[in-house]
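One structure below.
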Amino acid sequence: MLDIRRIRSEAEAVARALARRGGGVDLAPLLAADARRRGLIQEVESRVADSRKRSKQIGELKRKGAPESEIEAFLAGNQRLAEEVKAREGSLAEAERAVEEMLLGIPNTPHESTPDGRTSEENVAVRTWGERPAFGFAPKAHDELGAALGILDMKRAAKIAGARFALYRGAGALLERALINFMLDLHTTEHGYTEWLPPFMVNRAAMTGTGQLPKFEQDLFRVDDGRYFLIPTAEVPLTNIHREEVLDGAELPLKYAAYTPCFRSEAGSYGQDTRGIIRVHQFNKVELVKFARPETSYAELESLTRDAEAVLQRLGLPYRVSALCAGDLGFASAKTYDLEVWLPSQEAYREISSCSNFGDFQARRAQIRFRPGPGAKPEFVHTLNGSGLAVGRTVVAILENFQREDGSVAIPGALRPYMRGLEAIRPR
RNA sequence: GGAGAGGUGGCCGAGCGGCUGAAGGCACUCGCCUGCUAAGCGAGUGAGCUGGGAGACCGGCUCCGAGGGUUCGAAUCCCUCCCUCUCCGCCA
């Protein structure tokens, strides 16, 4: 959520910043509702203050045993005030709802360092790492390898759940589990993140805090008639840990990591990535979340991105980092780096992590603040998060990059301790 | 799921519909006293939003789990919801 005061005082600049995302936003209705709201607040508050004084006087008069007639006069005046307040409170609530509703629907303004551009075509490659494998044979796609190795069974997954669900078997299940543990260990022991294991369903308030609601309900799985939602990412529970809290400035930055499954309806993605496990309704992810002081949050984004990159480096997977252009940015993000891993079967880099700085956008929605110093006024923190990494897509990358001509797949050294020393997965 | 109890300031804990932003205690701060510490004595100490002032400051509004309602006036009465605890049932 943007600061209404900022929109009020620099509407032009905000509109310009939002226009960089594409699709213009008309701020005029919002400003009008805000002006109406502020006027009504004044009208209501002056009458409330007045009526409270008079009510106190009524109490005093009664205590002193003043004559009924005197009290009656006060009562009548106050009744009129109460009616006037009531009449305005309705429109005030309406104006407040209108302002809130419009604010919740406006995306974050891109940071100045976010490059211009409308689509992913215009994202800017920042750096690449690793050697793309050179095969002396035609590399297979992960779904074909997974089926041949007997570690992925998409057919039966469809039988028990439906299209876009994965079923891992044997060494495949072990590989997925090993990756989760490897990633969590790396981030908690070497990068200083605190591990959490949060609920996989959250309430409406949590989803609103991080920005999934109210605008993107169709992307979520609803549970118990909308009382709960399955999380699309651990960002939601992790960021909401501190909803409506004032954090101690001396504790910042807070660095949290969590493994969770993620559930996405993938509405509107029909026909894309239909094979294999690249795009499924349920996948595993290790997520990193930071709560930072505003003045350090962009430095924290750089180190967060490096922390995610470290996973790919330890595994020896070639990747690219690109800065998303303004038009490709997520709703709540001010700046995002995507990590894209090389997939030989597609001869393309594909997203495996997305690291974002949300500035105070989520903090304002979720009321997450910090006290800069003793006695100082609370300010909104900056929230950040990044995948570290998407586990299913890491499996895809391992299968495709480390496949050999005989159909086997080598297990990266870093992972072997997590897989009982297994050095390769071989066809049955 | 059934029955009951309860949610008040940093903590504990009172609170007849007006004199309660909230008794009392603890904790904390400052001062006095004491060789030091403890004890004792005295004074002070909630949060958020917002307006004015250069500033030490001065005002307004909100907050007793949340949201509605009754009333001139609600921590106090009514309704709905959430959460916690106890017992029973069920259960990984």
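What you see is a predicted model, and the numbers here were worked out from it, not measured in a lab. Per chain, numbering begins at 1; letters A, B, ... match sequence-line order.
Between A:V246 and A:K53, the residue anchored nearer the 5' end of RNA chain B, judged by the nucleotide with its closest heavy atom, is A:V246. Between A:G59 and A:V48, the residue anchored nearer the 5' end of RNA chain B, judged by the nucleotide with its closest heavy atom, is A:G59.
Ring orientation note: the planes of A:Y193 and A:H187 are nearly perpendicular, at an angle over 60° on the 30°/60° scale.
Salt bridge present: A:R37 and A:D34 bring a charged side-chain N and a carboxylate O closer than 4.0 Å. Here A:R204 pairs with A:E217 in a salt bridge; the nearest charged N to carboxylate O distance falls below 4.0 Å. Note on A:R275 versus A:D143: salt bridge recorded, some NZ/NE/NH1/NH2 to OD/OE distance being below 4.0 Å. The pair A:E400-A:R350 fails the salt-bridge criterion, with no side-chain N (NZ, NE, NH1 or NH2) lying under 4.0 Å from an Asp/Glu carboxylate O. Taking the charged nitrogens against the carboxylate oxygens, A:R279 and A:E266 do have a contact shorter than 4.0 Å, which makes a salt bridge. Taking a cutoff of 4.0 Å between a charged side-chain nitrogen and a carboxylate oxygen, A:R227 and A:D224 qualify as a salt bridge.
Proximity note for A:E45 (side chain, C-beta onward) versus B:rC61, B:rC72, B:rC19: the nearest is B:rC61. Considering only the side chain of A:R371, B:rG48 comes nearest among B:rG48, B:rG73, B:rG60. Relative to the side chain of A:I58, the nucleotides B:rG18, B:rG60, B:rG48 differ in distance, and B:rG18 lies closest. Listed nucleotides: B:rC49, B:rC72, B:rU62. Nearest to the side chain of A:R5: B:rC49. Out of B:rG18, B:rG48, B:rU70, the shortest distance to the side chain of A:K86 is found at B:rU70.
Comparing the P positions of B:rA23 and B:rC11 gives a spacing of 15 Å, expressed to the nearest Å. Comparing B:rA27 with B:rA92, their P atoms are spaced 49 Å from each other, to the whole Å. For the P atom pair drawn from B:rA66 and B:rC83, the interatomic distance equals 15 Å after rounding to whole Å. Remark: the separation of the C1' atoms in B:rG13 and B:rC90 is 37 Å, to the nearest Å. Straight-line distance between the P atoms of B:rU84 and B:rA75: roughly 26 Å, to the nearest whole Å. Nucleotides B:rG15 and B:rG21 place their C1' atoms 13 Å apart, quoted to the nearest Å. The same atom, P, is picked in B:rU45 and in B:rC57; the two are 13 Å apart, to the nearest Å.
Residue contacts shown for A:R227 are limited to sugar-phosphate atoms, with no base heavy atom under 4.0 Å away.
With both pairing distances under 3.5 Å, B:rG18 is matched to B:rC72 as a Watson-Crick or G-U wobble pair. In this structure, B:rC36 forms no base pair with any nucleotide, since neither Watson-Crick nor G-U wobble geometry is met with both distances under 3.5 Å. Nucleotide B:rG1 is matched to B:rC88 when pairs are restricted to Watson-Crick or G-U wobble geometry with both distances under 3.5 angstrom. In this entry B:rA56 has no Watson-Crick or G-U wobble partner, no candidate having both defining distances under 3.5 Å.
For B:rG18, the base has a donor-acceptor partner in the side chain of A:K62 [N/O atoms by modelled type, under 3.5 angstrom].
For the segment residues 203-214 of chain A, the set of residues with a heavy atom within less than 4.0 Å of an atom of RNA chain B is empty.
Taking 4.0 angstrom as the limit, A:R38 places none of its side-chain polar atoms (N or O) nearer than this to OP1 or OP2 of B:rG51.
For an aromatic pair to be called close, the ring centres must be under 6.0 Å apart, and A:F200 with A:F263 fails this.
If you take CZ of A:R52 and C1' of B:rU71, they are 15 Å apart, rounded to a whole angstrom.
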